[in-house]
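Worksheet for the structure shown next.
Here the structure is a predicted model, which means the values were calculated and not measured. We number each residue from 1, following the sequence as shown.
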Amino acid sequence: MKNKILVLGAGPIIVGQACEFDYSGTQACKTLREENYNVILLNSNPATIMTDYEIANSIYIEQINLFNIINIIIKEKPNFILPTMGGQTSLNCILEFINSGFPFPIENILGINKKTLINAESRYFFNNLIKKIGLKCPDSIIIKKNNIKNIKFIEFPCIIRPSFTLGGLGSGIAYNKNQFLKIFKNAFSFSNEITIDKSIIGWKEYEMELLIDKYNNIIVICCIENIDPVGIHTGDSITITPSQTLSDKEYQNIRDCSFIILKSIGLKGGGANIQFAVNPVNGDIIIIELNPRISRSSALASKATGYPIAKIFTKLSIGYNLINLLNDITYKNLNASFEPLIDYIVIKIPKFNFEKFKNIDYLNTMMKSIGEIMSLGGSFQESFLKSIFSIVENNNILSFLKNKYYLNYKFKIIKKILKPSSKRIFYILDSFRLNFNIKTIFSLSKIDPWFLFYIKEIIDYEKSFFKIIKLDNIIYKKIDSCCNEFVCPTSYLYSSNNYFNEIRFSINKKILIIGSGPNRIGQSIEFDYCCAKASKFIKKLGLDSILINCNPETVSTDYDISSQLIFDPVNKFYINNIIKYLNPILIIPQLGGQTSLNYLKKIKKNNYLAINNFINKICSSRDKFNKLLKKIKITTIKNFFAKNINDIIFFSNVLKKPLILRPSSIIGGNNIRIIFNNILLIDYIHARIKNNFFIFIEKFLENSKEFDIDLIVIQGKILFFFIIEHIESAGIHSGDSMAIYPVFSICKIIIKKIKYFLSLICYKLKISGIVNFQICYKKKIYIIECNPRASRTIPFVSKSSKYPILYNYLSIFLGYNYVYKKPFNNFYFLKESIFSLSKLKISKLSPEMKSTGEIMSIGLTLQECFIKSQKYLKKIIFLNIKKIFFCIKYLNRVKKIKTNSKIKKILFDVHISSYVSKKKRGCCILSNYLKSLPNLASFTTYPMIKLFFSSLNKNYFIIRKINNI
């Protein structure tokens with residue numbers, strides 16, 4: 001009988017814990033199955049390939065908590081638990097499990113033990129351990145919640161850090177007493193223990209990625225240097241590997257310290273990430289923290305060196321040692337105990353979405369980035385330029401100098417460099433254009449002069465560099481993790497200006513998949529799922545799959561997913577270069593979201609594309625798409641196309657408010673606004689006055705239902721049809737809305753009408769492939785938009801219907817038979833959006849997407865789905881029917897909930913009227929009837945309102961109005 005092993009995932013994507021843990025977990029599951037283990041997976045994220053049916057033997061798409069772990073152990077009886085692949089969420093959960101006293105052998109929890117966990121995660125024990133072994137950590141005061149002492153003297157600035165948190169949650173830098181009290185109070189809402197560290201802001205920061213086996217053999221995978229100094233979270237900092245400004249003596253000192261710490265902390269069979277700070281003046285070394293698990297930087301280190309960290313980590317956890325293991329990337333020519341050595345420069349730059357939130361663009365010890373890109377080059381300048389191109393998504397270096405008055409901008413730029421922000425690196429580039437010297441920039445930013453020298457050199461020879469980039473001498477170099485010392489058959493490549501081409505040519509027919517670039521709100525791990533599945537299927541068919549992407553966090557950029565992985569910026573120049581070298585028979589831009597689809601507009605040839613550029617132009621332009629709808633006599637919402645501000649003002653007066661204003665070809669609902677009055681209209685015009693692109697104005701349908709529909713179409717004929725219903729009414733972005741599959745509130749006749757209208761559009765456009773429609777229904781059917789690409793909901797629909805959507809999509813193009821199976825099951829599937837409210841401030845939900853991730857819940861009834869999803873949020877939920885006539889201030893005073901229902905602790909009511917009947921002694925009394933919802937074809941709908949607490953403030957509510965705006 002196979003040994004069973006329970007693997008804990010990371011749950012939904014949030015700021016600080018993104019898809020790099022899904023990458024690690026996926027690699028761990030694959031490795032365990034290769035080792036003949038029966039893998040049981042617990043994860044609540046439907047968007048990741050980790051919860052795909054091909055990854056594990058048994059998959060539980062449930063919340064990662066103590067209750068579910070115990071239930072799974074009772075049911076499945078696993079022999080082992082692996083909790084080190086799921087980030088801080090699974091580590092905190094396994095600590096709670098150990099403390100619960102459940103009868104499970106502690107030695108069978110792999111990769112971690114209680115002693116290591118406490119020593120590493122508790123600031124108190126970690127600081128004591130570091131001092132005991134004769135090393136230094138920052139001078140600090142450790143305070144516990146139940147033992148808060150009077151703090152008589154604190155030297156400012158100081159850094160406040162809670163224990164057992166992820167992504168710097170609750171931490172901050174205090175420069176005065178008022179800031180200190182605010183951060184101090186907030187930190188205790190995330191942990192019972194906090195540390196107040198003496199400031200080491202401005203020191204150089206380094207990370208060491210290490211692996212250790214049960215015999216205490218230790219290797220260093222790589223040393224990552226933060227270009228930004230201490231004071232900015234490593235996830236928000238620009239980083240580089242190998243480290244450039246460490247002397248050999250300093251590096252060896254850090255290496256020795258890492259080994260001592262790892263042996264002292266009690267870790268056996270696993271790995272860790274250790275963060276160091278080095279004083280640039282005298283070389284003093286301070287240990288900041290240790291993470292005894294696969295960390296955020298592990299994915300970056302894996303992709304940077306080619307060393308499969310998660311795979312080797314998993315094998316060490318189940319008892320292997322480093323000496324006996326082989327490194328796959330060198331094709332068994334090298335064992336895993338050899339430390340990677342690279343002959344190129346790797347730079348990581350984070351991706352931010354501050355424009356969607358009310359947060360001030362200011363970076364500190366709390367992580368705020370949404371995603372990241374990685375670039376590889378033969379020199380610092382080459383890698384740095386490619387990283388800039390990856391972020392801005394074209395071959396230009398962003399500049400804010402245009403139309404700026406020289407003297408005023410010179411003073412402004414000093415403030416911008418002094419204050420860490422997401423755009424600081426671009427202001428530094430501008431400062432060199434304005435002839436600032438390196439010494440001045442160093443004094444403002446504390447970025448090491450070594451980096452500033454080469455950045456200045458780029459600006460000094462800006463025109464020359466552009467000439468070099470645009471020449472035809474771009475070739476491809478191979479990543480082999482050992483500087484070409486051994487034969488490496490793996491086709492993991494990056495472009496360079498070198499003279500020796502290492503690309504491997506094959507006689508197989510090739511298909512190019514364009515990836516989605518860095519994660520961002522509106523375009524995230526769902527498209528990685530699509531790219532990875534497609535690449536895998538193409539390889540199964542005996543064809544070569546080529547993938548271009550620059551995102552180090554994802555499964556699709558793993559070395560063994562594609563036949564040839566090219567790690568380059570996703571833009572026209574680099575894509576055309578691949579086409580020139582490899583001449584693919586088919587290019588698929590439909591699986592990488594709007595980023596890859598935008599590539600179509602920049603080319604003229606269509607013969608080898610999976611989608612026609614003509615179709616893309618019609619679907620991306622609201623004006624052209626509405627003309628098409630009128631031509632085929634489908635009802636459209638009243639609309640106008642505004643080309644300037646005067647048009648916006650005129651048409652907004654012609655149409656009665658509320659209105660919805662939206663640009664074309666956008667990601668995640670960027671700059672879409674609902675206008676209820678003239679004040680909001682003026683604000684929108686003021687915000688958009690600098691941009692000259694056209695705005696589409698249409699009447700906003702209040703209280704209308706919204707649906708997401710995914711189709712597989714061949715030559716305009718619909719083969720497969722999947723319809724998802726939004727719980728909220730139109731007006732909230734589909735990525736932020738709760739969604740149910742299958743639909744529950746419309747009858748079969750309406751569904752047939754919807755399918756008929758969509759078939760007319762598909763037939764007229766002669767679409768082939770995968771298409772997503774968004775529609776509204778309010779007495780009539782209205783088509784909102786058409787996206788001729790894979791949508792955000794594809795993974796959710798695939799897992800809900802158990803239907804291989806992507807495999808069938810590719811089969812259509814390649815001439816293979818496809819699977820025709822009518823999806824049917826007895827379950828409801830609910831998708832709930834997750835908001836990183838503790839880090840990104842949200843005042844209300846709107847047509848502009850703000851959620852960072854999602855969870856999925858499964859139940860026989862809608863109520864069961866709701867209960868499961870809301871338990872994850874750990875908030876009080878009200879789902880009510882009639883208009884709510886109490887305000888937020890009233891709710892703030894409500895401390896207890898009482899009900900006259902038979903179920904004493906009721907959380908929701910979906911069917912019959914439910915409303916506040918009395919206010920008595922600070923209690924809110926709900927009168928209601930509760931009915932279960934069977935799986936019927938139709939369901940009577942009423943307006944619903946959902947209220948839930950935000951993590952930011954217990955007295956603060958976000959209101960999601962459903963069907964009653």
Side-chain angles (χ1 to χ4, degrees), residues 157 173 175-176 179 199 201-205 226-232 236-240 244-245 280-281 347 349-355 357-364 368-369 380-381 383-467 469 686-692:
I173 304 168
Y175 291 92
N176 54 50
Q179 288 180 353
S199 173
I201 294 168
W203 287 33
K204 295 195 290 183
E205 190 168 356
N226 287 16
I227 292 177
D228 293 302
V230 173
I232 298 173
D236 289 349
S237 176
I238 301 172
T239 62
I240 186 168
Q244 302 295 307
T245 66
V281 177
I347 293 177
I349 293 186
K351 178 78 176 178
F352 297 90
N353 271 142
F354 283 115
E355 66 278 3
F357 303 97
K358 291 193 171 183
N359 293 57
I360 298 168
D361 187 351
Y362 174 66
L363 304 181
N364 58 8
K368 299 183 182 77
S369 66
F380 174 83
Q381 293 99 324
S383 187
F384 182 80
L385 278 171
K386 285 173 75 177
S387 66
I388 296 296
F389 299 156
S390 296
I391 284 291
V392 299
E393 293 175 356
N394 57 54
N395 274 28
N396 292 310
I397 303 176
L398 187 65
S399 173
F400 301 106
L401 274 172
K402 293 176 183 177
N403 303 321
K404 293 283 193 308
Y405 184 56
Y406 175 80
L407 289 174
N408 287 346
Y409 188 60
K410 198 167 185 178
F411 287 112
K412 182 183 177 182
I413 210 167
I414 291 170
K415 291 180 182 178
K416 293 289 186 182
I417 296 170
L418 196 59
K419 174 189 167 186
S421 71
S422 62
K423 296 183 178 69
R424 181 161 76 165
I425 192 66
F426 298 107
Y427 286 114
I428 289 172
L429 288 165
D430 273 352
S431 69
F432 287 129
R433 291 187 181 102
L434 294 172
N435 297 320
F436 279 64
N437 60 42
I438 291 170
K439 191 175 180 181
T440 304
I441 304 302
F442 170 69
S443 64
L444 293 171
S445 66
K446 299 299 183 213
I447 293 174
D448 195 281
W450 191 94
F451 300 114
L452 296 175
F453 174 82
Y454 286 108
I455 293 170
K456 185 176 185 298
E457 197 173 75
I458 290 171
I459 299 301
D460 289 343
Y461 300 98
E462 197 166 30
K463 291 179 182 178
S464 300
F465 268 97
F466 276 120
K467 284 176 185 174
I469 288 292
H686 181 72
R688 303 305 308 154
I689 200 166
K690 295 174 185 176
N691 297 301
N692 296 320

Could you state the interatomic distance from OG (S421) to CG (D361), rounded to the nearest 0.5 Å? 4.5 Å
Those residues at least two apart in sequence (or on a different chain) that pass side chain to side chain contact (heavy atoms under 4.5 Å, CB included) with Y362 are Y175, I360, N364, K419, P420
Measuring only between side-chain heavy atoms, which start at C-beta, is I425 closer than 4.5 Å to I227? no
How long is the span from the NZ atom in K412 to the CG atom in D430, to the nearest 0.5 Å? 10.5 Å
Any side-chain heavy atom of E355 sitting closer than 4.5 Å to one from N353? yes
4.5 Å side-chain heavy-atom contact, I414 and T440: no
Taking only residues two or more places apart in sequence or in another chain, which ones pass side chain to side chain contact (heavy atoms under 4.5 Å, CB included) with T239? I224, N226, S237, L300, K348
NZ/NE/NH1/NH2 to OD/OE distance under 4.0 Å, D228 and R424: yes
Sequence neighbours excluded, the answer for ring-ring contact (aromatic ring centres under 6.0 Å, His included) partners of F352 is F354
Between L385 and I458, is there a side-chain heavy-atom distance shorter than 4.5 Å? yes
For I349, side chain to side chain contact (heavy atoms under 4.5 Å, CB included) partners two or more places apart: I238, I347, I373, S387, I388, I391
Pairs touching residues 446-456 that satisfy side-chain hydrogen bond (donor to acceptor under 3.5 Å, both in side chains), sequence neighbours left out: K456-D460
Under the ring-ring contact (aromatic ring centres under 6.0 Å, His included) rule, what pairs show up with a residue in residues 413-442, not counting sequence neighbours? F400-Y427
Taking all heavy atoms of S445 and all of P229, pick out the closest pair and write down the distance. O-CG, 3.5 Å
